[in-house]
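All ligand and atom numbering here is 1-based and tracks the order in the structure.
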Amino acid sequence: MPIKLFDSLTREIRELRRPDPNNPKDVFSFYNCGPTVYAPAHIGNFRTFIVNDVLRRLLELEYGKDKVRYVRNLTDVDDKTIKRSRDEGRPLAEVTKQWTQKFHDDCARLNCLPVSEKFEPTATGYIREQVNMIDVLMKKGNAYRAPDGSVYFKVSSFPNYGTLSRVKERELKSGSAFAADADEKEDLSDFALWKAHKADDGDNAWDSPWGRGRPGWHIECSAMSKALLGDTIDLHTGGVDLLFPHHENEIAQSECCNGTKFSRHWYHSEHLLVDGKKMSKSLGNLYTLDDLTAKDFSPMALRYALLMGHPRKQLNFMLDSLHAAEKALSGILAKVREMGACGNALHFRRELDQIIANDEGTDWGSFTQALNLLCDDLNTPAALGAAFTAFKNITDLDLSQDIPWQRWRVEFLAAKRFFEQALGINLNIQTDDEQKAVLLQVAKIPVEIMTLAEKRWAAKKAKDFAGADALRKELTAAGWSMLDGKDGYKLEPIKR
Ligand SMILES: [Zn+2]
């Protein structure tokens with residue numbers, strides 16, 4: 001299935017490029033602007049990272065893991081990180097290391113796939129590459145050094161400036177879109193590539209042909225994507241707040257420096273509102289993951305709630321939506337648990353393992369159906385709904401009745417698989433101790449014992465009590481006791 005995604009540049013839903021499966025060097029290159037590591041990320045940031053994680057999972061499922069190269073950077077030097085280091089009297093590297101670790105921990109709790117160190121570059125690790133790019137821009141006449149020693153990009157030198165954000169039509173004329181942060185610029189719309197050292201920067205300065213200083217924020221993404229993914233990439237993403245000026249500036253720098261198209265496709269996820277308002281510290285509606293887990297919500301419920309809205313629409317987050325997500329998740333888990341406690345589940349589980357082992361050739365009906373919804377402009381709410389319905393249809397079956405095993409166990413696994421592999425909603429994380437114990441037990445019970453137990457359970461249900469007693473004796477002789485419950489049984493090894 002081709003993956004179609006809205007392109008912020010052309011303003012239409014377009015197919016993404018599919019890498020050539022026969023050329024091992026051809027990979028799909030995907031750059032996602034990462035966090036600034038000076039404080040915990042809030043749930044609005046995580047909406048973007050979770051949407052991008054689902055997009056990455058979809059690409060890997062459709063193209064193959066080794067055909068997708070995902071890069072997400074860490075901004076570890078800028079005004080905010082330097083201010084925090086100064087306020088706390090600690091070295092910048094120590095501060096950013098702490099918050100990088102926190103970001104990784106939160107991502108892991110939210111079940112975002114990890115990014116390898118090589119593909120999670122830091123701004124301070126790529127100073128040379130940034131200086132090189134600025135040097136090219138200076139030589140090509142796209143940049144100039146101002147009297148204050150800083151280097152600026154000359155926006156008027158790039159006629160296509162404003163194409164992504166349509167900023168020209170909107171605000172370029174009035175200049176209102178640009179912060180009047182430096183008086184030294186030739187034009188209000190020009191932006192810093194290299195910032196000359198100031199006392200406030202402390203030790204955080206590097207040598208360059210234009211004197212000591214530090215890179216501007218925008219150049220870091222241009223330089224790191226060039227270094228790790230090449231001059232032209234397949235997809236560049238970020239939150240909608242980065243569209244202007246950050247991404248507009250990235251295009252200008254990269255295309256002037258490299259003389260070629262920067263990104264084939266642009267994708268932006270929308271803002272997260274909290275209780276109908278933009279998140280802000282002063283309104284007291286800015287939540288971090290820790291704030292929510294302190295209220296006893298699980299990270300998986302947050303992930304679920306954030307995927308309930310279409311990524312390209314603003315999502316209004318309320319604690320009520322977390323309650324709803326938690327309820328939906330616990331409904332699924334209760335059913336899984338119920339099956340775990342029922343005799344049939346042992347049989348079920350064993351066969352599932354066999355299905356997993358012989359994956360090929362299986363018709364993953366609801367998995368494919370839900371995946372197709374993701375392929376259509378990353379429609380996470382529709383995909384979530386389809387998987388949830390598939391799950392419900394299966395788990396609503398009356399387990400005590402004769403049911404078409406072959407069909408529903410495949411469908412059950414397909415829905416579970418979709419939740420876990422495509423949406424990254426891990427259903428096992430939340431299984432309680434009882435469920436874990438049942439699964440552990442299942443793993444340890446020999447197949448012949450399970451077969452005996454299944455036979456005995458069937459005999460008992462058929463009211464063949466003599467047969468059931470005889471089978472119980474066989475089980476006892478083999479060292480297992482069978483404890484009957486209302487809806488099923490438990491097997492335990494007899495302690496001697
Ligand atoms: Zn960026």
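- Proximity of a side-chain donor or acceptor of Ser222 to a complementary backbone N or O of Ile219 within less than 3.5 Å is not detected.
- Under the rule for a side-chain hydrogen bond (donor to acceptor under 3.5 Å, both in side chains), the partners of Asp135 that lie at least two apart in sequence or sit in another chain are Lys139.
- Among the backbone and side-chain atoms of His247, none of the N, O or S atoms lies under 2.8 Å from the Zn ion (ligand 1).
- At least one N/O/S atom of Cys221, whether from backbone or side chain, sits less than 2.8 Å from the Zn ion (ligand 1).
- Counting just the N/O/S atoms of Glu250, the one with the shortest distance to the Zn ion (ligand 1) is named OE2.
- Shown are Asn73, Val115, Val71; of these, the side chain to side chain contact (heavy atoms under 4.5 Å, CB included) with Glu120 is made only by Val115.
- Take Gln130 and apply the side-chain hydrogen bond (donor to acceptor under 3.5 Å, both in side chains) test, not counting sequence neighbours, and it matches no residue.
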